[in-house]
Amino acid sequence: MRIALAADAHGGTLWPLGEEARRVGDLARAVHDLERDVRPRWIWADTRAVYPALIERDVRVARCHDLTLTESLLLAYEGRYGEPRSAQAAHARLRGLPVPADETGPHAVQDTLFEPEPVEIDLAAVYADQLRRVAATEDPARFRLLVAAESAGALVAAEMGHDGMPWREDLHDQLLSELLGPKPVRGMRPAKLQALADQVGAAFGTAVNPDSPQQLVKAFKMAGLTVTSTRSHVLKQVDHPAVGPLLAYKELARLYSSHGWAWAQQWVRGHRLRPEYVAGGVVSGRWATSGGGALQIPKVMRRAVVADEGWRLVVADAAQLEPRVLAAMAGDRGLARAAGEIDLYAALAQAFGGARENAKIAMLSAMYGGTSGDAAKLLAVMRQRFPLAYAFVEDAAKAGEDGRLVRSWLGRTCPPPSAHWLKLVSGPEGGRAARDRGRFTRNFVVQATAAEWALTLMALLRGLLPAPARLVFFQHDEVMVHCPEDLVNEVSAGVSRAAEEATRLLFGETPVRIPMEAVAVACYADAK
DNA sequence: AAGGCCTATAAC
DNA sequence: TTCGGTTATAGGCCTT
């Protein structure tokens with residue numbers, strides 16, 4: 001059963017497909033009852049606008065179809081990248097009405113919540129149109145899976161944003177104090193940071209703001225040293241007494257400004273980090289965050305992520321996900337056989353002269369377009385030993401260089417070349433621009449497919465988790481579940497099973513394995 | 001004062 | 001001949 005749903009200021013409208021629409025005063029109550037009785041697939045305009053209010057009322061749904069995310073996938077597939085993707089825009093296109101631009105900006109979703117819809121959107125008609133367009137894709141079964149996974153991802157993102165990841169404010173403060181000195185008063189640098197800044201100044205013989213690349217370059221110049229930038233790896237080559245304290249400063253300043261006290265004040269409440277995840281926020285299908293920086297948490301801060309009393313964190317990541325995905329996509333039997341092993345690179349080592357490191361460089365260069373060091377030599381070996389995998393990424397690169405589109409395994413489509421690129425590519429620097437886009441499309445097919453595998457895994461795992469276990473973190477190829485201690489085994493088994501099912505759902509019968517070993521820990525820092 | 005671009009670095 | 005992809009965030013610095 002499928003039910004379209006629209007929220008408004010006074011409740012909402014439910015529209016079981018093929019039946020009359022009916023208004024309800026208490027939307028959350030109605031959704032709860034229907035979810036309990038019939039478990040429909042909910043069709044709604046935008047999960048980010050609709051679902052948080054339901055979660056707030058403790059109502060969760062198993063399945064949905066997000067019209068905005070689906071429209072976005074379809075427009076890209078159809079070569080119409082950039083057209084407005086909201087359900088309202090899709091509706092307007094169907095009816096021949098003026099198409100409203102998408103809301104943009106940090107508060108777009110919240111703003112629309114409090115504004116009445118300017119026009120009534122025929123959700124069922126938009127949905128039917130999308131199903132028709134999905135059926136017209138080259139492989140409708142795959143695209144349907146993509147739509148389902150993307151929509152499920154939106155549910156998970158909203159739920160994780162609500163539940164939050166366990167975060168001990170006291171341990172975070174303790175960690176910051178150890179590294180930086182006590183929390184400073186507003187406008188002051190923490191003591192250890194100031195001491196390092198003073199050392200840098202002393203080494204130059206004049207006060208320099210270590211946060212200013214311009215001042216640093218000038219100061220080095222006065223000391224008779226020319227630096228092309230003030231990046232850490234450049235400074236490491238420079239012999240000057242300021243370099244030591246400067247590198248230390250940079251590392252700590254990063255922690256302070258990006259994940260320091262101000263950050264915690266804004267994003268941590270009641271022992272939970274609650275960032276805002278954006279499913280489908282990256283062209284490759286990876287998630288983004290629009291606040292909270294949850295996908296860039298420095299590793300040292302994992303010490304602050306601690307399970308509640310009597311609970312555990314079950315942490316699992318898919319090791320070597322991208323080369324495994326490539327092996328499955330390309331149907332390269334030799335690579336797929338190696339991808340049946342726990343350590344793919346070790347299994348490949350023999351083909352690359354015995355060194356595991358060489359195998360790794362070869363694979364990464366193939367997927368990222370790397371050319372430095374021994375890459376060229378190793379890629380030649382790869383071409384010979386794993387011709388299908390090699391050809392797969394080469395074809396993707398060639399398509400990008402030619403200005404064509406590439407797609408992931410399930411049909412996510414890369415953006416078309418920009419007008420700027422088209423101009424560049426026919427000019428004197430055209431070769432460079434073409435190669436740049438080739439690297440992008442080469443990586444896109446792998447990264448996007450890895451992302452949809454991870455999305456599928458998460459959708460499956462969400463359905464397998466026993467209450468009250470909760471998904472609390474997801475970072476590209478890694479998931480974290482927070483659960484009572486006595487559920488650890490069940491949750492770990494769920495993770496492995498979800499990984500196996502995700503692999504089979506995407507790739508069918510294949511020797512490739514994408515193992516996910518879960519570990520249960522009290523503290524995230526102990527997971528690796 | 002606000003906004004856009006640049007540089008730098010965190011994650012995968 | 002150099003020259004690996006996707007991001008978020010913050011501070012400096014320049015323009016308006």
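Keep in mind that this is a model prediction, so the values were computed, not measured. Here is how names work: the chains are called A, B, and so on, in the same order as the sequence lines, proteins then strands, and each is numbered from 1.
The distance between atom CZ of A:Arg286 and atom P of B:dA10, rounded to the nearest whole Å, is 17 Å. What separates NZ of A:Lys360 from C1' of B:dC12 is a distance of 13 Å, to the nearest Å. Between the OH atom of A:Tyr277 and the P atom of C:dA8 there is a distance of 14 Å, given to the nearest Å. Atom pair A:Asn443:CG and C:dT7:C1' shows a separation of 12 Å (rounding to whole Å applied). Atom CG in A:Leu252 sits roughly 18 Å away from atom P in C:dA10 (whole-Å rounding). Distance, A:Asn209 CG to C:dC13 P: 7 Å, rounded to whole Å. Rounded to an integer number of Å, the gap from A:Trp267 CH2 to B:dA10 P is 21 Å. Across the protein-nucleic acid pair, A:Tyr249 atom OH and C:dG12 atom P stand 8 Å apart, rounded to whole Å.
Contact annotation for A:Arg437: no contact, since no heavy-atom pair falls under 4.0 Å across all strands. Residue contacts for A:Gly281: at a heavy-atom cut-off of 4.0 Å it reaches no nucleic acid atom on any strand shown. Within the nucleic acid shown, A:Arg439 comes within 4.0 Å of sugar-phosphate atoms alone, with no base atom in reach, counting heavy atoms only. Within 4.0 Å (heavy atoms only), A:Ile297 reaches sugar-phosphate atoms of the nucleic acid but no base atom. Counting any heavy atom pair closer than 4.0 Å across all strands shown, A:Val283 reaches sugar-phosphate atoms only and no base atom. Residue contacts for A:Gln475: at a heavy-atom cut-off of 4.0 Å it reaches the sugar-phosphate backbone alone, with no base atom in range. When heavy atoms are screened at a 4.0 angstrom cut-off, A:Ser232 is found touching the sugar-phosphate backbone but no base atom.
Taking atom P on both nucleotides, C:dC3 is separated from B:dA8 by 15 Å, rounded to a whole Å.
Taking the side chain of A:Arg302 as heavy atoms from C-beta on, and the options C:dG12, B:dC12, C:dT2, the nearest nucleotide is B:dC12. Closest to the side chain of A:Pro298, from the set B:dC12, B:dA10, C:dT2, is B:dA10. Of the candidates C:dG5, B:dA10, C:dT7, B:dA10 carries the atom nearest the A:Glu251 side chain, counting heavy atoms from C-beta on. The listed nucleotides are C:dT9, B:dC12, C:dC3; the one nearest the side chain of A:Arg254 is C:dT9.
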What verdict does the salt bridge (charged side-chain N to carboxylate O under 4.0 Å, His left out) test give for A:Asp402 and A:Arg404, after you've listed the backbone C-alpha separation in whole Å, the side-chain angles of each residue and the deciding distance to 0.1 Å? CA-CA 6 Å; A:Asp402 293 348; A:Arg404 286 179 281 132; 3.1 Å; yes
Let me see the working for A:Thr449 and A:Leu410 under side chain to side chain contact (heavy atoms under 4.5 Å, CB included), right down to the final yes or no. CA-CA 7 Å; A:Thr449 302; A:Leu410 295 185; over 6 Å; no
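Between A:Thr289 and the phosphate of C:dT7, there is no side-chain N or O to OP1/OP2 separation shorter than 4.0 Å. In this model, the phosphate group of B:dT9 is approached by a side-chain N or O of A:Lys250 to a distance below 4.0 Å at OP1 or OP2. Put simply, A:Ser284 has no side-chain N or O that comes within less than 4.0 Å of OP1 or OP2 on C:dT7. The phosphate of B:dA8 (OP1 or OP2) has a side-chain N or O of A:Thr230 nearer than 4.0 angstrom. Between A:Gln214 and the phosphate of C:dC14, there is a side-chain N or O to OP1/OP2 separation shorter than 4.0 Å.
Between A:Trp261 and A:Tyr256, the two ring planes are perpendicular [angle over 60°; tilted spans 30° to 60°].
A salt bridge between A:Glu394 and A:Arg442 is present, with a side-chain N of the basic residue lying under 4.0 Å from a carboxylate O of the acidic one.
Residue order along DNA chain C, read from the 5' end via each residue's closest nucleotide, puts A:Val282 first among A:Ser257 and A:Val282.
When only modelled atom types and interatomic distance are considered, A:Tyr51 and A:Glu159 share a side-chain donor-acceptor pair under 3.5 Å.
Screening A:Leu313, A:Leu471, A:Val315 for a side-chain contact (heavy atoms from CB on, under 4.5 Å) with A:Val481, the sole residue that qualifies is A:Leu471.
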